[in-house]
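Structure first, commentary second.
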Amino acid sequence: MTTLTEIAANRSFGGWHKRFRHQSAVLGCEMVFAVYLPPAAERGPVPVLWWLSGLTCTDENFMQKAGAHRVAAELGIAIICPDTSPRGSDYPGEHDSYDFGSGAGFYVNATAAPWSASYRMYDYVTQELPALVAEHLPVSQCQSISGHSMGGHGALVCALRAPEHYTSVSAFAPITNPTQCAWGQKALAGYLGDDPGSWNAWDSCELIRGGAKVAGILVDQGDADNFLHDGQLRPEALAAVCEAQGIPLTLRMQPGYDHSYFFIASFIEDHLRYHASFLCP
């Protein structure tokens, strides 16, 4: 049995925001994650929304900035926020840039040395951490997934690769087509090696093109997002492949919004209610 050590607890909208530390066998290091437990969790297991954060973030960004607790409390949904990479590996170059290594695990299972020894964030967020949470916390097996930027990429990939795990998926400004943008190419080459053919298994557009299915996708994208205009996000590629493969996509372009948590806080209630329609019928 893996031990959870509670390191913080804050009362919030009648529920609890808590942070836990544990030793990860998958990543080979100590990890921290956060959970918001709504008041309903005191009466029995509640459904879960997994939130995957973006580059440079930890579990704290979403919990402190998104303003999600009030609606999650009302709906009776727990929110779980993993970290964005292993911590403490200290490989050469791991901390040299914001978009690779520490804080930038890209939710893949690395196959290239030395990263393959610990950078297995996909297995961590889809297998190890859910099993640990189910063992220790009052959550049900009814689960959905969402995320922002790199975490939006992660949410889409997790849902497409393991649709049986999630009742619904959404994203804010996701990196939809990482094999075709600078962020993704840097990360995928570093974690997986120089063969671009191996990258497609971690690209939501390529997964859909290859036949992966989900019942539907909700995406919000700010039209003033500088990373949209830099070509890092490519929502048009996701729209095209979803249309070609018959996957319902609601892509909402939000006028004037950028890539920040002001954007997420403005529309997180919509996403929580969207997931509640699947999680809480």
Test side-chain contact (heavy atoms from CB on, under 4.5 Å) applied to Gln185 - qualifying residues, sequence neighbours left out: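 With neighbours one apart ignored, the set is Trp199.
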Only counting residues at least two apart or in another chain, list the ones meeting side-chain contact (heavy atoms from CB on, under 4.5 Å) with Pro138.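 With sequence neighbours excluded, Pro138 shows a side-chain contact (heavy atoms from CB on, under 4.5 Å) to Leu37, Ala41, given in chain and number order.
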Side chains of Val108 and Leu188: does their closest heavy-atom pair fall under 4.5 Å?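 A side-chain contact under 4.5 Å exists here.
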ILVMFWY cluster membership beyond Val46 - transitive side-chain contacts under 4.5 angstrom: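 Val46 shares its hydrophobic cluster with no other residue.
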Going by atom types alone, do [X] and [Y] pair a side-chain donor with an acceptor below 3.5 Å?
| X | Y | value |
| --- | --- | --- |
| Ser170 | Ser146 | yes |
| Glu94 | Tyr119 | yes |
| Thr58 | Asp83 | no |

Checking salt bridge (Lys or Arg N to Asp or Glu O under 4.0 Å) for the pair Lys65/Glu60: CA distance, chi angles, key distance, verdict? CA-CA 8 Å; Lys65 296 180 180 180; Glu60 295 181 284; over 6 Å; no
Residue list, side chain to side chain donor-acceptor pair (under 3.5 Å) with Asp258, at least two apart or on another chain: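 If we apply the side chain to side chain donor-acceptor pair (under 3.5 Å) test to Asp258, skipping adjacent residues, the hits are Ser260.
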Quick check: does any side chain N or O of Asp195 sit under 3.5 Å from a backbone N or O of Gly197, one acting as donor and the other as acceptor?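 Checking the backbone N and O of Gly197 against the side chain of Asp195, a donor-acceptor pair under 3.5 Å is found.
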Do the side chains of Glu74 and Arg273 get close enough for a salt bridge, i.e. N-O under 4.0 angstrom?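 Yes, Glu74 and Arg273 are salt-bridged.
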Before accepting this row, confirm whether a basic side-chain N of the pair Glu30/Arg21 lies closer than 4.0 Å to the acidic partner's carboxylate O.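 A salt bridge is present here (some side-chain N lies under 4.0 Å from a carboxylate O).
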Of all residues at least two apart in sequence or in a different chain, which pass the ring-ring contact (aromatic ring centres under 6.0 Å, His included) check with Trp202?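 Expected list: Tyr122.
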Who passes salt bridge (charged side-chain N to carboxylate O under 4.0 Å, His left out) against Glu206, sequence neighbours left out?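 Scan of Glu206 (salt bridge (charged side-chain N to carboxylate O under 4.0 Å, His left out), adjacent residues dropped) gives Arg209.
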